[in-house]
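Before any comments, here is the structure.
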Amino acid sequence: MLDMAMFRENADAIRADHDRRGIPHDSIDEVIRLDEEWRKSQYDVDQLRRRRNEAARGIAEAKKSGDEAGAKAIMDEVSTIGSQIDDLTAHSEECLATRDSLRMSIPNILHEDVPVGEDDQKNTLHSLHGEKAELSFEPRNHNELIDMNGWVDQARGAKVAGSRFYFLQGDLARMEMALQQYGADFLIERGYTLIQPPLMMNREAYEGVTDLSDFETVMYGIEPDKYYLIATSEHPLTAMRMDEVIEPSELPIKMVGVSPCFRREVGAHGLSDRGIWRVHQFTKVEQIVICDPEDSWEHHEDLLTNAVDMWDSLGLHYRVVNICTGDMGTVAARKYDLEAWLPGAGAYKEVVSCSNCTDYQANRLRMRYRTSDGNSAVHTLNSTAIATSRALVAIMEQNQLEDGTVSVPEILRAYMGGKTTLEPVAKGD
RNA sequence: GCCGAGGUCGCAUAGCCCGGUAUUGCGCGGGCCUGGAAAGCCCGUGGGAUUUUUCCCUCGCGAGUUCAAAUCUCGCCCUCGGCGCCA
């Protein structure tokens with residue numbers, strides 16, 4: 001959510017940003033109008049309250065000096081002021097609530113270097129890492145590999161839960177755990193604190209970190225307890241300091257979260273999504289930074305560097321893209337994606353997303369730090385390190401051998417008892 | 001789940017019984033003092049509006065009683081302690 005000061009003092013900057021995104025200004029103008037109306041009616045409410053407070057002091061004064069008749073006179077005079085205040089307050093509060101729910105839907109101000117374009121086709125190449133392996137055979141896609149090796153049981157996942165749920169089995173499950181462990185260790189060594197968050201959040205905290213439409217399309221709600229299953233550990237880790245004033249000496253706060261992630265994936269269908277590429281549940285190792293606004297662009301580059309170093313260390317081929325205006329979403333001011341090469345699919349596909357959300361989440365969360373000039377919103381950043389399901393797909397497709405087995409990236413072998421190849425699950429009998 | 005005690009400004013604390021302007025300490029910022037510093041003293045320290053001077057809000061959340069609620073009443077949330085259950 002943008003700071004209200006931005007609408008009052010620099011609305012043209014928001015309008016210019018909407019122009020770059022190709023969206024109309026209506027909401028901005030409406031926020032400004034509602035703000036003016038709120039200020040006007042709130043002023044009237046304040047004046048009435050002022051009269052009430054003065055009367056209350058007068059009554060107290062009169063009673064103290066034993067002037068019961070005087071006290072009674074003032075009481076009669078202001079007997080209806082309470083209901084007047086109630087009426088006016090209702091209107092004032094309505095303006096404020098409407099203003100802010102509209103403000104919640106207005107996206108963050110983009111960084112000036114974000115390329116302009118209407119959809120993901122206009123994302124620009126930032127860098128290319130590793131190279132496409134020359135295979136002497138026709139590559140299989142990961143869906144074929146998991147089937148022929150028995151690494152994922154999709155049919156039974158659907159039976160006990162629903163479509164896009166799955167049982168991860170054998171060596172692939174073991175590598176999934178190795179990826180979690182490796183990803184966490186990698187970031188712990190770079191000074192990040194390992195955090196295992198709650199897997200459910202309440203509505204208020206959740207509204208602080210995400211686009212409101214996500215409640216319909218992304219998050220699972222838990223009834224009757226009114227909790228939401230987290231879609232990523234970014235959400236609880238970022239909301240962790242909600243309603244707090246952070247001492248500057250604590251900044252930057254660097255955390256690595258490891259957790260299961262739950263996503264409804266409403267509306268996602270299609271051949272390209274078969275297998276475990278797009279599923280309702282996976283594990284993710286996530287980087288989170290909460291910092292001084294001065295430093296956030298530097299931290300954004302650091303997060304990207306961490307992701308790049310980690311994916312390089314896995315020996316994978318991928319590219320980094322600079323996300324364009326039309327592909328950006330509401331919360332981030334700038335975003336890089338890592339897209340891994342999938343030879344079976346013949347395409348680069350998203351495996352990491354690295355965002356600077358500037359003060360957008362912090363404003364919603366009322367998350368500030370102390371400055372010599374009052375309290376001020378912090379900046380929040382997040383980046384995937386490893387989303388295990390997608391990393392597994394990238395490793396399977398890039399490291400596949402002619403017989404359908406998969407070589408284990410060297411760096412992971414120590415986490416898998418020295419295993420060098422993923423082998424088929426033994427057919428039970 | 002049951003019983004008890006709690007939740008007050010960044011932290012800590014007083015006020016609650018008996019309704020009438022949010023207390024004090026620490027921390028932090030500014031000023032005075034100093035060759036410089038420490039100490040000491042003074043001012044400030046949450047959110048909002050504003051005609052820049054003042055006003056309004058804020059004592060876990062919400063409702064009620066009242067001219068007036070941190071204070072009284074009811075409901076809820078959370079924390080701590082004890083008991084019960086339990087991987």
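Not measured: the values here are computed from a predicted model.
- Within a heavy-atom distance below 4.0 Å of RNA chain B, no residue of residues 89-100 of chain A is found.
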Once Watson-Crick and G-U wobble pairs under 3.5 Å are found, how is RNA chain B written in dot-bracket notation, 5' to 3', with | for any base paired to another strand?
((((((((.[[[..)....(...]]]((((((.......))))))((((....))))..[[[[[..)....]]]]])))))))....
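- With 3.5 Å as the limit, one finds a donor-acceptor pair spanning the side chains of A:Asn108 and A:Thr358.
- Between A:Leu316 and A:Asn399, some side-chain heavy-atom pair lies under the 4.5 Å cut-off.
- Panel note: side chain A:Asp153, backbone A:Arg156; a donor-acceptor pair is recorded below 3.5 Å.
- Classification of A:Asp327 and A:Lys335 as a salt-bridged pair fails, no side-chain N sitting under 4.0 Å from a carboxylate O.
- For the P atom pair drawn from B:G6 and B:C55, the interatomic distance equals 36 Å after rounding to whole Å.
- Atom P of B:C74 sits at a distance of 36 Å from the matching atom of B:G25, rounded to the whole Å.
- B:C3 sits 25 Å from B:C72 when the C1' atoms are compared, rounded to a whole Å.
- Here the range on RNA chain B touched by chain A, meaning any atom under 4.0 Å from one of its heavy atoms, is B:G10 to B:A68.
- Looking at heavy-atom distances under 4.0 Å, A:Ile59 makes contact with a base.
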Show your reasoning for whether ring-ring contact (aromatic ring centres under 6.0 Å, His included) applies to A:His235 and A:Tyr206.
CA-CA 7 Å; A:His235 296 154; A:Tyr206 228 132; 4.9 Å; yes
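- For the P atom pair drawn from B:U71 and B:C17, the interatomic distance equals 9 Å after rounding to whole Å.
- With P as the reference atom, B:A38 and B:C28 are 11 Å apart, rounded to whole Å.
- A:Arg15 and A:His25 get closest at one heavy-atom pair: O-NE2, 3.4 Å.
- Side chain of A:Arg164 to backbone of A:Arg278: a donor-acceptor contact under 3.5 angstrom is found.
- Looking at A:Arg390 and A:Glu397, no side-chain N of the basic residue comes within less than 4.0 Å of a carboxylate O on the acidic one, giving no salt bridge.
- Where A:Arg51 and A:Ile81 each meet RNA chain B at their nearest nucleotide, the meeting point lying more 5' is that of A:Arg51.
- Residue contacts for A:Arg370: at a heavy-atom cut-off of 4.0 Å it reaches a base atom on one of the strands shown.
- Across all strands, A:Asp76 comes closer than 4.0 Å to no nucleic acid atom at all (heavy-atom distances).
- Annotation: A:His379 is not in aromatic contact with A:Tyr360 [ring centroid separation under 6.0 Å not met].
- Distance noted for atom P between B:C80 and B:A68: 38 Å (whole Å).
- Remark: the separation of the C1' atoms in B:C9 and B:A70 is 13 Å, to the nearest Å.
- In terms of position along RNA chain B, the nucleotide closest to A:Arg368 lies nearer the 5' end than the nucleotide closest to the other residue of the pair A:Arg8 and A:Arg368.
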Identify all side-chain donor-acceptor contacts of residues 66-74 of chain A below 3.5 Å with residues at least two apart in sequence or on another chain.
unit_1  : atom_1 : unit_2  : atom_2 : d
A:Asp67 : OD1    : A:Gly70 : N      : 2.9
A:Lys72 : NZ     : A:Asp76 : OD1    : 3.2
A:Lys72 : NZ     : A:Asp76 : OD2    : 3.4

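- Of the residues in residues 33-43 of chain A, those placing a heavy atom less than 4.0 Å from an atom of RNA chain B are A:Trp38, A:Arg39, A:Tyr43, in numerical order.
- Residue contacts for A:Lys72: at a heavy-atom cut-off of 4.0 Å it reaches no nucleic acid atom on any strand shown.
- Applying the side-chain contact (heavy atoms from CB on, under 4.5 Å) test to A:Thr98 and every residue at least two apart in sequence or in another chain returns A:Leu34, A:Glu94.
- Closest heavy-atom contact between A:Trp297 and A:Ala333: CH2-CB, 4.1 Å.
- Straight-line distance between the C1' atoms of B:C59 and B:U54: roughly 24 Å, to the nearest whole Å.
- Ring-centre distance between A:Tyr220 and A:Tyr228: not below the 6.0 Å cut-off.
- In this structure, A:Arg203 forms a cation-pi arrangement with A:Phe215, its terminal cationic atom sitting closer than 6.0 Å to the ring centre and no more than 45° off the ring axis.
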